[in-house]
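So the structure is just underneath, and the comments pick up after that.
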There are 2 protein chains.
Amino acid sequence: MVRQPSINAQHRPPLSTERIIEAALQIVDGQGLGRLTMRRLGDSLEVEAMAIYHHLPRGKEQLLDGLVAHVASAPAEDTPSRPWQDVLRGWAGDYRGRLMAHAGVLPLVVTRRNPAALTTTVASLREVMRRGGIAEGAAAAAAHTLLGYVIGHTALEVRGTNEDGADRVVDWEARFTAGLDLVIGGVR
Amino acid sequence: MVRQPSINAQHRPPLSTERIIEAALQIVDGQGLGRLTMRRLGDSLEVEAMAIYHHLPRGKEQLLDGLVAHVASAPAEDTPSRPWQDVLRGWAGDYRGRLMAHAGVLPLVVTRRNPAALTTTVASLREVMRRGGIAEGAAAAAAHTLLGYVIGHTALEVRGTNEDGADRVVDWEARFTAGLDLVIGGVR
DNA sequence: ACCTGAACACCGTTCAAGT
DNA sequence: ACCTGAACACCGTTCAAGT
């Protein structure tokens, strides 16, 4: 029998930053942030953990920054034919869904010093409001208010403060849109 | 010379859950969450790390839960003589200050499954609104909106999205109260 | 250029033992 | 009851070495 030349040396896609981030996100989504280790990440990529450092020289720090950029950087796409309020409502719903789908990275989104990720998002919100005739200063403030609300409320939802003082079950969807209307309705 | 009976055996206060949490908070505030380890915490208490497990049997998990409870559980104190809007504004300012002072625990507040900590806080907000004549359902929803906003906006502030697209410096204080008025003003 | 293997300095936690 | 000391199974990261 002919000897196999180092099993799986050829038949796998080469390592890349993108593949690394995707594999990491899959681990976080499936097993939680606490189980994301360089060694486990290496395993899932069929590579020694140390190979990752060749693509992410700053190591785990850079990996976590990449995760935040991947989930939190989702600017609103403006559609001039729609009322700007509807555009923002649509964006907020999508962003909430995005954060919930990757709830494991929420603590990173909240505190990681990774300016670029949120800056483009907040800028896009400001632009939509500008287009709607909101003054520059008010638009800038309201963009932060809106993003802050969406992130904060989604965090509460993920934590699941599921009682209410009373024993009512919370309808998070309704609660989210109620607060959202309140925020968007106040912008002028 | 008389032999000292096991240095510092008597002249230190006995270990207690409270002292442990306080020491942990001091480490987090001073050096960041990443540097909070059981061994370092033991050092700062002049005790072996393993002694901590006698007071917190669930270990680090329980320690982190304790930190969240210590900073996030801060209900609004109602003052019936003041308008309920002012009471909420006052609470929000205090809560923001609290979160900023202990920014290192913010990621824990956001995601730790620790219902009690936030439940009492959110219940107190609902009660203040009830007293102000807001209907039960609306008050419950608005309480979540308000807490979500305060946590989310403060998280953005701590991260310091300090540019703005343009190069303007952000006045976070003004921005916070602007969004706050928007949220509180919309409650009815 | 890209990956490996061994090594280092740490972790959280267990468990038997001391007082 | 309260704390210690040694041990175990992990971490992230470095560094020299392989191809």
Side-chain angles (χ1 to χ4, degrees), chain A residues 3-25 27-28 31-68 104-105 107-108 112-113, chain B residues 3-25 27-28 31-68 104-105 107-108 111-114:
Chain A
R3 201 152 53 91
Q4 288 297 108
S6 72
I7 310 211
N8 70 21
Q10 357 281 93
H11 311 94
R12 83 187 165 193
L15 215 46
S16 72
T17 305
E18 234 170 87
R19 279 190 60 230
I20 293 172
I21 299 285
E22 268 158 28
L25 198 57
I27 291 174
V28 173
Q31 313 182 244
L33 185 59
R35 288 187 60 80
L36 176 62
T37 69
M38 299 304 271
R39 284 163 158 92
R40 234 187 302 263
L41 181 55
D43 274 359
S44 90
L45 290 162
E46 297 183 61
V47 108
E48 292 300 311
M50 298 69 200
I52 297 166
Y53 288 80
H54 204 268
H55 300 263
L56 304 176
R58 272 177 39 244
K60 196 167 189 184
E61 205 73 359
Q62 193 173 357
L63 176 66
L64 299 182
D65 284 348
L67 287 178
V68 172
V105 312
L108 302 178
R112 211 119 256 283
R113 187 125 16 252
Chain B
R3 201 152 54 90
Q4 288 297 109
S6 72
I7 309 211
N8 70 20
Q10 354 283 94
H11 311 94
R12 82 187 167 194
L15 216 46
S16 73
T17 305
E18 234 171 87
R19 280 189 62 229
I20 293 171
I21 299 285
E22 267 158 28
L25 198 56
I27 291 174
V28 174
Q31 312 182 242
L33 186 59
R35 289 188 58 82
L36 176 62
T37 69
M38 299 303 270
R39 283 163 158 91
R40 235 188 300 265
L41 181 55
D43 274 358
S44 91
L45 291 161
E46 297 182 60
V47 109
E48 293 300 311
M50 297 70 200
I52 297 165
Y53 288 81
H54 204 269
H55 299 264
L56 304 176
R58 273 176 38 245
K60 196 166 189 185
E61 205 74 357
Q62 194 172 356
L63 176 66
L64 299 182
D65 283 348
L67 287 178
V68 172
V105 311
L108 302 178
T111 41
R112 210 119 254 283
R113 189 131 7 257
N114 189 2

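Just so it is clear, the values below take in all heavy atoms, side chains as well, and ignore hydrogens, waters and symmetry mates. Keep in mind that this is a model prediction, so the values were computed, not measured. Order of the sequence lines sets the chain letters (A, B, ...), proteins ahead of strands, with each chain counted from 1.
For DNA chain D, runs of at least 3 consecutive pairs of the Watson-Crick or G-U wobble type, with both hydrogen-bonding distances under 3.5 angstrom, map to C:4-8 with D:12-16, C:12-16 with D:4-8.
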Under 4.0 Å protein heavy-atom contact, by nucleotide of nucleotides 13-19 of chain D - B base, S sugar-phosphate only: BB-----
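Between Leu63(B) and Ile52(B), the closest side-chain pair of non-hydrogen atoms is not below 4.5 Å. Under the 4.5 Å side-chain criterion, counting only non-hydrogen atoms from C-beta, Ile21(A) is in contact with Leu67(A).
Contact annotation: His55(A) side-chain N/O to dC3(C) OP1/OP2 distance is under 4.0 Å. Phosphate contact (OP1/OP2 of dC10(D), side-chain N/O of Arg40(A), threshold under 4.0 Å): absent.
At whole-Å resolution of the value, CG in Leu36(B) and P in dC10(C) are 17 Å apart. Straight-line distance from the CD1 atom of Ile52(A) to the P atom of dC11(D): 12 Å, rounded to whole Å. Rounded to a whole Å, the CG atom of Leu63(B) is 14 Å from the P atom of dC11(C). At whole-Å resolution of the value, CG in Asp43(B) and P in dC11(C) are 10 Å apart. What separates CG of Leu56(B) from C1' of dC3(D) is a distance of 14 Å, to the nearest Å. dT4(D) atom P lies 11 Å from atom CD of Glu46(B), rounded to whole Å.
Listed here is the closest heavy atom pair of Ala49(B) and Met38(B): CB-O, 3.4 Å. The nearest pair of heavy atoms linking Pro107(A) to Thr111(B) is CD-CG2, 3.3 Å.
Of the candidates dG12(D), dT4(C), dC3(C), dT4(C) carries the atom nearest the Glu48(A) side chain, counting heavy atoms from C-beta on. For Thr37(A), the listed nucleotide lying nearest its side chain is dC11(D); candidates were dC11(C), dC11(D), dC3(C).
In summary, of the residues considered (Leu25(B), Val47(B), Leu41(B)), a side-chain contact (heavy atoms from CB on, under 4.5 Å) with Ile20(B) occurs for Leu41(B) alone.
Looking only at distances, no side-chain donor or acceptor of Arg35(B) sits under 3.5 Å from a matching main-chain atom of Ile27(B).
The salt bridge (Lys or Arg N to Asp or Glu O under 4.0 Å) test applied to Glu61(B) returns Arg112(B), not counting sequence neighbours. For Glu18(B), the side chain to side chain contact (heavy atoms under 4.5 Å, CB included) partners at least two apart in sequence or on another chain are Ser16(B), Glu22(B). Evaluation of the side-chain hydrogen bond (donor to acceptor under 3.5 Å, both in side chains) rule for Arg58(B) yields Asp65(B) as partners, not counting sequence neighbours.
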